[in-house]
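Structure record follows, encoded as structure tokens.
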Number of protein chains: 2
Amino acid sequence: MESFIDQVTSKVRAEGGRMTAQRRLILDALEDLRGHPTAEEIFDHVRNADPDINLSTVYRTLRWLEENGFVSPRWFEDEKRRERFDPVDRPHAITEHFHFRCRVCNRIIEFDEPLIHELRRKYAADTGAEIESVSFTLYGVCALCKKDTPEQP
Amino acid sequence: MESFIDQVTSKVRAEGGRMTAQRRLILDALEDLRGHPTAEEIFDHVRNADPDINLSTVYRTLRWLEENGFVSPRWFEDEKRRERFDPVDRPHAITEHFHFRCRVCNRIIEFDEPLIHELRRKYAADTGAEIESVSFTLYGVCALCKKDTPEQP
DNA sequence: CATCTAATTGCAAATGTTTTGCAATATCGT
DNA sequence: ACGATATTGCAAAACATTTGCAATTAGATG
Ligand SMILES: [Mn+2]
Ligand SMILES: [Mn+2]
Ligand SMILES: [Zn+2]
Ligand SMILES: [Zn+2]
């Protein structure tokens with residue numbers, strides 16, 4: 001299968017766009033920083049390789065990737081107004097999966113839950129609405145962090 | 001049962017706070033504007049009664065209500081960085097319910113889905129995490145809007 | 001390889017939403 | 001009615017993201 005960068009490059013070309021060093025770095029960062037990075041986190045990461053890169057380039061690239069289905073934006077309630085970017089490697093499918101967010105270590109853990117797809121169908125059937133996307137996020141304390149802070153006696 | 005305003009007034013008093021005209025107006029607005037209003041929407045609404053009220057007063061009051069469990073903030077993905085406020089009338093329980101957001105009329109429809117509570121327990125049992133809150137939101141086109149724009153032949 | 005042109009970049013300023021410091025005002029126990 | 005202090009209005013700051021524009025650069029063309 002085509003690598004992430006190759007997929008994106010094909011699409012960029014197909015749109016009459018150009019593959020720049022900055023875009024390559026941002027795509028690399030998205031592969032390295034697997035955990036739903038923010039634009040700022042990506043920016044900090046790519047600065048190592050190119051200290052002159054600009055944050056607005058990072059945003060512009062991410063928006064382009066979003067419009068072309070290579071990343072999905074995500075929001076978590078404990079970071080009200082900050083956007084995170086979820087790379088969607090698999091070609092032609094915005095893979096639907098869900099997230100658990102640990103309030104202690106801030107890790108974001110992905111999971112799938114087939115019943116959610118069931119609920120989605122059920123809601124559509126019951127109400128006559130057409131569902132286009134689903135967001136399901138659990139918030140709490142992950143098993144590891146729970147172990148580190150045992151409940152007080 | 002105690003009205004919303006009475007509940008809040010009791011709590012304000014209990015904290016050594018004061019019940020002001022502005023707070024009363026904001027609480028009224030929260031009752032009038034039942035559909036998950038933004039701070040700005042509340043602000044516009046209360047301006048009718050008090051043209052001198054300030055937006056920062058609205059925010060400060062909403063934050064206080066949030067800290068004291070009278071409203072829950074909500075975000076919807078199509079309004080990335082804008083917060084909405086969900087009044088929680090029922091005493092002492094952040095009522096867990098879920099939302100459907102119509103991308104055409106922008107209505108927010110609430111629903112409950114007992115299976116979600118099941119999934120929550122299941123995730124906790126499977127992973128050892130402790131779940132503190134759940135967010136489940138469906139996005140799409142509601143039945144009414146679907147009727148208005150029948151699919152092209 | 002040199003040239004050309006439009007796409008992309010860096011920069012600085014703007015945007016939109018929410019927060020904050022502070023002096024003036026108003027609430028409520030006395 | 002008085003006084004301590006909680007709350008307000010205002011203006012400015014904070015914060016994440018977007019945008020206009022002139023300078024740079026990718027990559028097609030000869
Ligand atoms: Mn994800
Ligand atoms: Mn609600
Ligand atoms: Zn954790
Ligand atoms: Zn609708």
Side-chain angles (χ1 to χ4, degrees), chain A residues 5-6 8-27 29 36-44 46-47 49-68 71-85, chain B residues 5-6 8-27 29 36-44 46-47 49-68 70-86:
Chain A
I5 296 204
D6 287 347
V8 173
T9 306
S10 308
K11 184 80 175 208
V12 166
R13 291 275 155 71
E15 315 274 282
R18 297 166 185 182
M19 183 51 52
T20 63
Q22 292 91 330
R23 288 180 173 178
R24 259 185 295 266
L25 286 173
I26 292 164
L27 294 170
H36 308 81
T38 62
E40 194 95 30
E41 285 165 356
I42 293 168
F43 178 55
D44 288 343
V46 296
R47 248 134 100 78
D50 175 0
D52 291 335
I53 197 168
N54 195 276
L55 180 57
S56 64
T57 301
V58 174
Y59 274 108
R60 276 190 284 233
T61 300
L62 288 168
R63 291 298 165 226
W64 185 94
L65 291 170
E66 179 185 352
E67 275 155 29
N68 290 276
V71 302
S72 309
R74 311 268 181 211
W75 285 265
F76 296 90
E77 297 184 358
D78 51 339
E79 311 178 286
K80 310 169 173 286
R81 320 182 53 224
R82 175 179 287 113
E83 196 167 5
R84 294 188 170 272
F85 297 87
Chain B
I5 296 205
D6 288 346
V8 174
T9 307
S10 309
K11 184 81 176 207
V12 166
R13 290 276 155 71
E15 316 273 283
R18 296 167 186 182
M19 183 52 51
T20 63
Q22 291 90 329
R23 286 180 174 178
R24 259 184 294 268
L25 287 173
I26 292 164
L27 295 170
H36 309 79
T38 63
E40 194 95 30
E41 285 165 357
I42 294 170
F43 179 55
D44 289 343
V46 297
R47 249 134 100 79
D50 175 0
D52 291 335
I53 198 168
N54 194 276
L55 180 58
S56 64
T57 301
V58 175
Y59 273 109
R60 276 189 285 232
T61 300
L62 288 169
R63 289 298 165 224
W64 185 94
L65 291 170
E66 179 185 352
E67 275 154 29
N68 290 276
F70 293 108
V71 302
S72 309
R74 311 268 181 210
W75 284 265
F76 295 91
E77 296 184 357
D78 51 339
E79 310 179 287
K80 307 167 174 291
R81 323 187 46 233
R82 175 179 290 116
E83 196 167 5
R84 294 188 168 272
F85 296 88
D86 201 351

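Here is the naming used below: chain letters follow the sequence lines, and residue numbers restart at 1 for every chain.
Sorted by first and then second residue, the salt bridge (Lys or Arg N to Asp or Glu O under 4.0 Å) pairs with a member in residues 12-25 of chain A form an empty list; sequence neighbours excluded. Each salt bridge (Lys or Arg N to Asp or Glu O under 4.0 Å) pair with one or both residues in residues 54-64 of chain B, not counting sequence neighbours, appears once here: B:Arg63-B:Glu66, B:Arg63-B:Glu83.
In this structure, B:Glu83 reaches the sugar-phosphate backbone alone: every heavy-atom distance under 4.0 Å involves primed, P, OP1 or OP2 atoms, never a base.
Within the structure, a side-chain polar atom (N or O) of B:Gln22 is placed less than 4.0 Å from OP1 or OP2 of D:dG9. In this structure, A:Thr57 does not reach the C:dT9 phosphate: none of its side-chain N or O atoms is under 4.0 Å from OP1 or OP2.
By the side-chain contact (heavy atoms from CB on, under 4.5 Å) test, A:Asp78 pairs with A:Phe76, A:Arg101, A:Asn106, A:Tyr139, sequence neighbours left out. Considering only residues two or more places apart in sequence or on other chains, A:Tyr59 meets the ring-ring contact (aromatic ring centres under 6.0 Å, His included) condition with none of them. Partners of B:Phe43 under the ring-ring contact (aromatic ring centres under 6.0 Å, His included) rule, at least two apart in sequence or in another chain, do not exist in this structure. Scored by the side chain to side chain donor-acceptor pair (under 3.5 Å) test, B:Glu79 finds B:Arg84 as partners (sequence neighbours excluded). Looking at residues two or more places apart in sequence or on another chain, you find a side-chain contact (heavy atoms from CB on, under 4.5 Å) between A:Asp50 and A:Gln22, A:Leu25, A:Asp52, A:Ile53.
Counting to the nearest Å, the P atom of D:dT8 and the CD1 atom of B:Ile26 are 7 Å from each other. Atom CD of A:Glu67 and atom P of D:dT18 are 10 Å apart (whole Å). Rounding to whole angstrom units, CD of residue B:Glu40 and C1' of C:dG16 are separated by 9 Å. What separates CG of B:Leu55 from C1' of D:dC10 is a distance of 12 Å, to the nearest Å. Regarding B:Arg24, its CZ atom lies at a distance of 14 Å from the C1' atom of D:dT8, rounded to whole Å.
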Using the 3.5 Å cut-off, write out each protein N or O paired with an N or O of nucleotides 24-26 of chain D and the distance between them.
{"unit_1": "D:dA26", "atom_1": "N3", "unit_2": "A:Arg18", "atom_2": "NH1", "d": "2.8"}

Treating primed atoms plus P, OP1 and OP2 as sugar-phosphate and everything else as base, which nucleotides of nucleotides 20-25 of chain C get B, S or - for protein heavy atoms under 4.0 Å? BB----
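With a 4.5 Å cut-off on side-chain heavy atoms, B:Lys80 and A:Trp75 count as touching.
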